[in-house]
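Here the structure is laid out as structure tokens; the discussion comes afterwards.
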Amino acid sequence: MSPELGHLAVIAALCLSFFQAVIPMVGSFVGHRSWMRLGHSLALGQFVFLGLAFVCLISVFIQDDFSVAYVANNSNTLLPLHYKVSAVWGAHEGSLLLWTLILAGWSGAIALFSGHMPQTFSARVLSILGFISLGFLLFLLFTSNPFERLLPVSPLEGRDLNPLLQDFGLIVHPPMLYMGYVGSSVPFAFAIAALIGGQFDSAWARWSRPWINTSWVFLTLGISLGSWWAYYELGWGGWWFWDPVENASFMPWLMSTALVHSVAATEKRGVFRSWTLLLAILSFSLSLLGAFLVRSGILTSVHSFANDPERGIFILWFLVIVVGASLLLFAIRSPQMANSTTHRGWSRETILLVNNVLLVTSTATIFIGTLYPLFSDVFQLGKISVGAPYFNFFFVPLMIILMLALGFAGFTRWGSTDVNLLLRRGLFPGLLSFFIALLVPALLTDSSSGSSYSFTAGITLFVSAWVLFMTIEDIYLKSRGSWINAKRFTCSYWGMVIAHIGLAACALGVGMSSSYDEQRDLRMMPGDAVKISDYEFRFGGVNRVDNANFVAFRGEVSVTDKTGMTINLFPEKRNYKAGGQVMTEAAIDASLARDLYVSLGEPLQGEAWAVRLQIKPLVRFIWLGSVLIGFGGLLAAFDKRYRRRKKVLDGQSNRGGLAFE
Amino acid sequence: MKRLLLVYTLLFFSIAFGLDDLVEFSDPLLRERYDQLTWELRCPKCQNQNLADSNSPISLDLKDEIHHLLERGLSNQEIKSHLTSRYSDFILYRPQVNKTTSILWGSPILILFIGGWLVFRLSRRSNELKQENLKSEMDKQRLKNLLDSGTIE
Amino acid sequence: MNKFAVFAPLALFLGLSMILFLGLDKDPSILPSALVDKEFPEFDLMALDDEHRQITREELLGDVTLVNVWASWCYACSVEHNMLNKLSNRGVKIVGLNYKDQVEDAMLWLENLGDPFVYSVSDIRGRLGLDLGVYGAPETFLVDAQGIIRYRRVGVIDERVWRNEFRDLYAELLVEAQ
């Protein structure tokens, strides 16, 4: 019964999305108030129906109803309950339902929190979101229906969830990531509504900013979770592989980051209006493109869903229509906008432009690198691969330049800034950072003979310290040294500060763990010990342990540090019963200073095993830094300024800006 | 960059208690090159993995071959040629720099320079206000900026 | 932004879309052979059925040959094997390359499924396979009478594959060999 109910609920949502796409938009042109208002109820209604469908799908999993094809392919009676639930979004069809649910959620949020916006505008935004929902629901119902049945003969047992996905990471990473991915449709809808209405004042920027920031925060956290998950799950200690699916999420993030900064200038100074609108369009376009790349099978990836070129065609057409129409609208409408202020020299506008250029160049590089193999194949230039060496080659220097520019950001002024002032502000922090960059790697080489200074560590330390010190100096000067003053800074300001420091922390983690990472692949017998850096690793052999749906070969490695304290780690090699897959479960001892990462390779002759031992200094900073970045963004989004809006605008009525049509 | 950090990795630890590394080298510098090469080379069969992280049979064979060639004294470039003449350029994660990859290697630099030039031009241009309708908006903006000056947003 | 630059994103996007449409027909996991139009590598391996007989590259010269990479542990090879039997009956000369296998297992496998091969060489360590750029069985190389590799297929050969990928080239090479 519940699969049919879920199916019907999706169909109902489809109908609602159709009306949501059409009626409010038409209403906004003819001025029909109730039609415009209808968009709000339709969006909320869609959310209710898709929520119902989602609950139905969850219940089908929990009940082990293998007459539903999706359940039969992705679940198993032996699967623990919490994984049965998260298996709902573990493969293509279910994750698509999650996508549409989240899209309905964002639309519903707009419906609830758009009271301060003019009705024509919010009606158009909801219509655009409705159109996107329509596209995805059509895709779901016609090519990827999670409620499809295997009747009359249903299997008695499911094929099991991919063991790699039987993990906490699956519970958190996709929902968070989709919140961000799908959330980028909101700034997109705002941009299109602005282009349709010809509404180009900075009020638009002020409305959009909290939505832009919030969806960006989710994407930040989603990608960070993905990286962390890959790190502990895949078993060999990497946390970023420049894999096409990872790049597919990273490109919208970079573009959204550029957008977050560009819209700040648009709000405060009315500049870069066309550019901000274009960024909003491109961010979402990259998000759609990402969905296409991941689900069509056009690129090879460890992360991709089951591939189906037919589905690829559908998404591609949808992509062409949505993005093509948006860019056409942009081309036609945008020349009508002009900047309302000017800037020159080393102004804040210029620094934000520098930020944008670097982020857009990074995005373009990753884009070209990811798609080049396809490009080469299509044009018969041969099959090539583009991987980490290429991406690192460009991305790292670009980020270094970005962080150098970031340091100066706080001291720039709108309109124009004295470059000598900037240099003065930078002098002391610069010297201090330089000193640290020289000293720390030098100290770290003393403990061992023959090693020399690590330049990558030096550069890392310089840029991270630089950002930190310049930010602190900015806080100090702005508050005139008084904590009381500092407490009165806005959430926006503190959000920015925290996000920038988060970036510095993240960069520190990346650079230091890369520079001082130690790894040994050894053949170990029970009782063997090896000393790496200040740690002694002792191998205790491997035991067989039976679990619900897998058999584990559990190794024991005890690690003793120089103070004599010992930790026991239990890496595992798992054989999953249902599908026969073999998985490596690493054992990690995490701390701020370093991770100890131990994993089992293959069993060798006798009782010997191949064991991989790693020490990864400061690697936790990568994810802690990105959490800080997310937190900063969230703080900025909830600045009182945006919440105060309704009262202010009530008093002001329609003064200023172009008339709302 | 990877090469540097591997040197420091190597030189950083003390000697193991007579344990075998899975892959033995007569010279630590060979190991460093081995790590670099297996990081840069792609497993021909896997779903986008490098040789270092892959345990598929073909990866193990290729790693063996690299080990063998390193001990024989071939340079990194020679080893890569040896392998690409058998498995094509597909196994290189660092694409060759030649005519077909000129767009690949050249575009990022080109885009960066175009971007930089645009920023430069924009920061020198002097724009006058174009639309009167925006004037009151501008005033509101200016007032706000004067009040907010000193606070970053 | 000037009048025409604003159309640039749209133009670029449309170009990209066309490439993506074309790309949907491609399979990203199939590698091209690096050895097309190159000489079949030198080798000196034991014949599978006769441990006293060594086979070298010389034996491939003079005839148009299919060299099929197979193994008893390879499931797909057993799927393909029937087709090879048929081809051999039609007069196609097929040489087997027994890849990283045990001689006993391989001989037993041929006994059970039939032997379409004029002879098979035993590449126990996979060295010839590596020289050929083999990354997974079954693979089939079409070698002309001068010992030059003209085509490589990764994966099972069935009637359709033979018709589309091999038949015409094979016929051509036969004519050339006259």
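Chain letters run A, B, ... following the sequence lines, proteins first, then strands; residues in each count from 1.
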Q: Run through Ile351(A), Val354(A), Leu352(A) and flag the one making a side chain to side chain contact (heavy atoms under 4.5 Å, CB included) with Val119(B).
A: Val354(A)
Q) If you round to the nearest 0.5 Å, how far is CD of Glu349(A) from CG of Leu122(B)? A) 10.5 Å
Q: Determine whether Asn48(B) and Pro244(A) make a side-chain contact, defined as any pair of heavy atoms from C-beta on separated by less than 4.5 Å.
A: yes
Q: Let me know if Thr350(A) has heavy atoms under 4.5 Å from chain B in its side chain, its backbone, both or neither.
A: both
(Q) Just verifying a value: how many Å separate Ser123(B) OG and His343(A) NE2, rounded to the nearest 0.5 Å? (A) 6.0 Å
Q: Identify which part of Glu602(A) has an atom lying under 4.5 Å from any heavy atom of chain B, answering side chain, backbone, both or neither.
A: side chain
Q | Under 4.5 Å from any heavy atom of chain B - which part of Leu398(A) | A | side chain
Q: Measure the shortest side-chain to side-chain distance between Tyr390(A) and Pro108(B) over non-hydrogen atoms and say whether it is less than 4.5 angstrom.
A: yes
Q. If you measure from OG1 on Thr300(A) to CZ on Arg42(B), what distance do you get to the nearest 0.5 Å?
A. 5.5 Å
Q | Expected output: side-chain Ser385(A) to main-chain Phe90(B) donor-acceptor under 3.5 Å | A | yes
(Q) If the test is side chain to side chain contact (heavy atoms under 4.5 Å, CB included), which one of Ile109(B), Leu110(B), Ile111(B) qualifies with Thr361(A)? (A) Ile111(B)
Q: Mark yes when over 12 heavy atoms from residues, nucleotides or ligands other than Phe113(B) sit less than 6.0 Å from its CZ; otherwise mark no.
A: no
**Q.** Residue selection (most heavy-atom pairs with chain A, distance under 4.5 Å) from Ile91(B), Asp53(B), Asp89(B)
**A.** Asp53(B)
Q) Given side chains that start at C-beta, do those of Ile384(A) and Thr101(B) come closer than 4.5 Å, heavy atoms only? A) yes
Q: Sort Asn55(B) into side chain, backbone, both or neither according to what part of it lies under 4.5 angstrom from a heavy atom of chain A.
A: side chain
Q: Decide yes or no for Leu358(A) and Leu112(B): does some side-chain heavy atom of the first lie under 4.5 Å from some side-chain heavy atom of the second?
A: yes
Q. Atom CD1 in Ile368(A), atom CG in Leu104(B): separation rounded to 0.5 Å?
A. 7.5 Å
Q.
Need one label for Leu92(B): side chain, backbone, both or neither, based on atoms under 4.5 Å from any heavy atom in chain A.
A. backbone
Q: Verify the neighbour count for atom CH2 of Trp346(A): are there more than 12 heavy atoms of other residues, nucleotides or ligands below 6.0 Å?
A: no
Q | Check: Trp105(B) ring centroid to Phe393(A) ring centroid under 6.0 Å | A | yes
Q | Distance in Å, Ser107(B) OG paired with Phe394(A) CZ, rounded so as to fall on 0.5 Å steps | A | 8.0 Å
Q. What's the spacing between Phe241(A) CZ and Gln49(B) CD if we round to 0.5 Å?
A. 8.5 Å
Q | Heavy-atom contact with chain B under 4.5 Å, split by part of Leu604(A) | A | side chain
